[in-house]
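Worksheet for the structure shown next.
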Amino acid sequence: MRIATYNVNGVNGRLPVLLRWLAETAPDVVCLQELKAPDEKFPEAAIRDAGYGAIWHGQKSWNGVAILAKGCDPVETRRGLPGDPDDSHSRYIEAAVGGVLVGGLYLPNGNPRPGPKFDYKLRWFDRLIDHAATLIGMDAPVVIAGDYNVMPTDRDVYKPERWRDDALFAPEVKAAYFRMLGQGWTDALRTLHPDETIYTFWDYFRNAYARNAGLRIDHLLLNAPAAKTLRAAEVDSYVRGWEKTSDHAPVWVELGT
DNA sequence: ATGCCTTTTAGGAAAAGA
């Protein structure tokens with residue numbers, strides 16, 4: 001089973017790119033982030049015509065997450081993280097697909113730092129870690145995938161010194177990421193490619209993609225039953241080179257299940 | 001050092017993204 005995550009940066013503006021990528025690579029499960037569309041504007045028909053069932057949690061203008069499943073409907077198990085009933089952002093959705101529990105997330109950016117947006121990022125990350133603690137020990141494979149908005153190490157940034165004060169590279173945020181890994185999650189991409197330069201995001205400007213001035217911020221975290229069957233993990237970097245493309249590229253894992 | 005692009009909403013300009 002191939003499970004992917006893709007921050008599309010506007011699901012309607014990006015629909016041709018998304019449909020082309022689905023047709024060319026046929027992933028079994030896809031977590032989407034930054035739909036930038038309310039629930040009623042989600043392109044359900046086009047995605048169904050492409051062969052995918054879907055659940056989504058939209059929001060006007062910003063945020064928004066979805067889970068697609070090839071040839072079936074994801075069975076929703078949760079939308080939104082527990083721990084803050086006043087959180088109005090659509091940033092987490094979770095479903096069972098083919099015996100795998102899949103969480104799709106869009107972690108807050110957190111800039112500028114310091115400030116209320118950064119505080120929100122840290123609180124949101126804490127809530128994610130609390131929820132992840134309830135999933136890590138499941139007997140079934142669990143994959144928590146999405147845009148974590150954190151580069152875990154210097155190796156995940158084209159120029160680390162330029163990002164020292166940024167909310168995506170702040171010590172508190174990296175610490176939260178490693179606290180989550182400490183529960184027993186496997187960072188699939190880094191585990192299979194320990195020494196490679198791998199990015200999942202490139203700015204639209206400064207010719208960032210052509211210069212490979214990127215960041216690795218989209219991650220797939222696997223619990224032990226999922227990690228045991230991990231066969232491959234890759235970035236579909238070439239999609240970043242398409243016309244009218246997102247600033248993120250799709251990232252995926254292949255599990256033996 | 002910098003949102004230098006891009007999307008969204010809205011019908012011009014501004015917010016947000018990373």
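A note on names: the letters A, B, ... follow the listed sequences, proteins ahead of strands, and every chain is numbered from 1.
- Between the OH atom of A/Y120 and the P atom of B/dG17 there is a distance of 10 Å, rounded to whole Å.
- The same atom, P, is picked in B/dT6 and in B/dG11; the two are 24 Å apart, to the nearest Å.
- Within the nucleic acid shown, A/N63 has no heavy atom closer than 4.0 Å to any nucleic acid atom.
- Look at the P atom in both B/dA1 and B/dA14: the space between them is 28 Å, to the nearest Å.
- Nucleotides B/dG3 and B/dT9, compared at atom P, are 24 Å apart to the nearest Å.
- Listed nucleotides: B/dG3, B/dA15, B/dT9. Nearest to the side chain of A/S61: B/dT9.
- A side-chain donor-acceptor contact under 3.5 Å links A/D87 and A/Y120.
- A close approach under 4.0 Å does occur between a side-chain nitrogen or oxygen of A/R14 and OP1 or OP2 of B/dT7.
- A/D147 comes within contact range of the sugar-phosphate backbone alone, with a heavy-atom separation under 4.0 Å but no base atom that close.
- Taking the six-membered ring for Trp and thresholds of 30 and 60 degrees, A/F125 and A/Y148 have ring planes inclined between 30 and 60 degrees apart.
- In this structure, CG of A/D166 is placed 11 Å from C1' of B/dG3, rounded to the nearest angstrom.
- Rounded to whole angstrom, the span from the CG atom of A/L35 across to the C1' atom of B/dT6 amounts to 16 Å.
- Going from the C1' atom of B/dA15 to that of B/dA10 covers 13 Å, rounded to whole Å.
- Atom C1' of nucleotide B/dG17 and atom CZ of A/F201 are separated by 8 Å, given to the nearest angstrom.
- As rounded to whole Å, 18 Å separates atom P of B/dA14 from atom NZ of A/K36.
- Along DNA chain B, the nucleotide closest to A/W163 and the one closest to A/N12 are compared, and the more 5′ of them pairs with A/N12.
- Residue contacts shown for A/K121 are absent, as no nucleic acid heavy atom lies under 4.0 Å away.
- For the residue pair A/N9/A/K36, the side-chain donor-acceptor check at 3.5 Å is satisfied.
- Closest contact between the side chain of A/E34 and the listed nucleotides B/dT9, B/dT8, B/dG17 involves B/dG17.
- When distances are taken from the side chain of A/K60 to each of B/dT9, B/dC5, B/dT8, the shortest belongs to B/dT9.
- Computed from coordinates, the A/L15 CG to B/dT7 C1' distance equals 15 Å when rounded to whole Å.
- Within 4.0 Å of A/Y106, counting heavy atoms only, lie sugar-phosphate atoms of the nucleic acid but no base atom.
- Side-chain N/O atoms of A/Q33 and A/H248 include no donor and acceptor closer than 3.5 Å.
- B/dT7 sits 16 Å from B/dG12 when the C1' atoms are compared, rounded to a whole Å.
- Ion pairing between a basic and an acidic side chain is recognised when a charged N comes within 4.0 Å of a carboxylate O; A/D147 and A/R91 show no such pairing.
- For the pair A/K117 and B/dA16, the criterion of a side-chain N or O lying under 4.0 Å from OP1 or OP2 is met.
- Nearest-nucleotide mapping onto DNA chain B: of A/P112 and A/D203, the residue sitting toward the 5' end is A/D203.
- Put simply, CZ on A/R113 is 17 Å from P on B/dG3, counting in whole angstrom units.
- Ring geometry for A/Y177 versus A/H219: interplanar angle of 30 to 60°, hence tilted.
- Using a 4.0 Å heavy-atom distance criterion, A/D247 is classed as making no nucleic acid contact.
- Atom CG of A/N9 and atom P of B/dT6 are 10 Å apart (whole Å).
- Picking from B/dT7, B/dT9, B/dG3 the nucleotide with the shortest atom distance to the side chain of A/K244 gives B/dT7.
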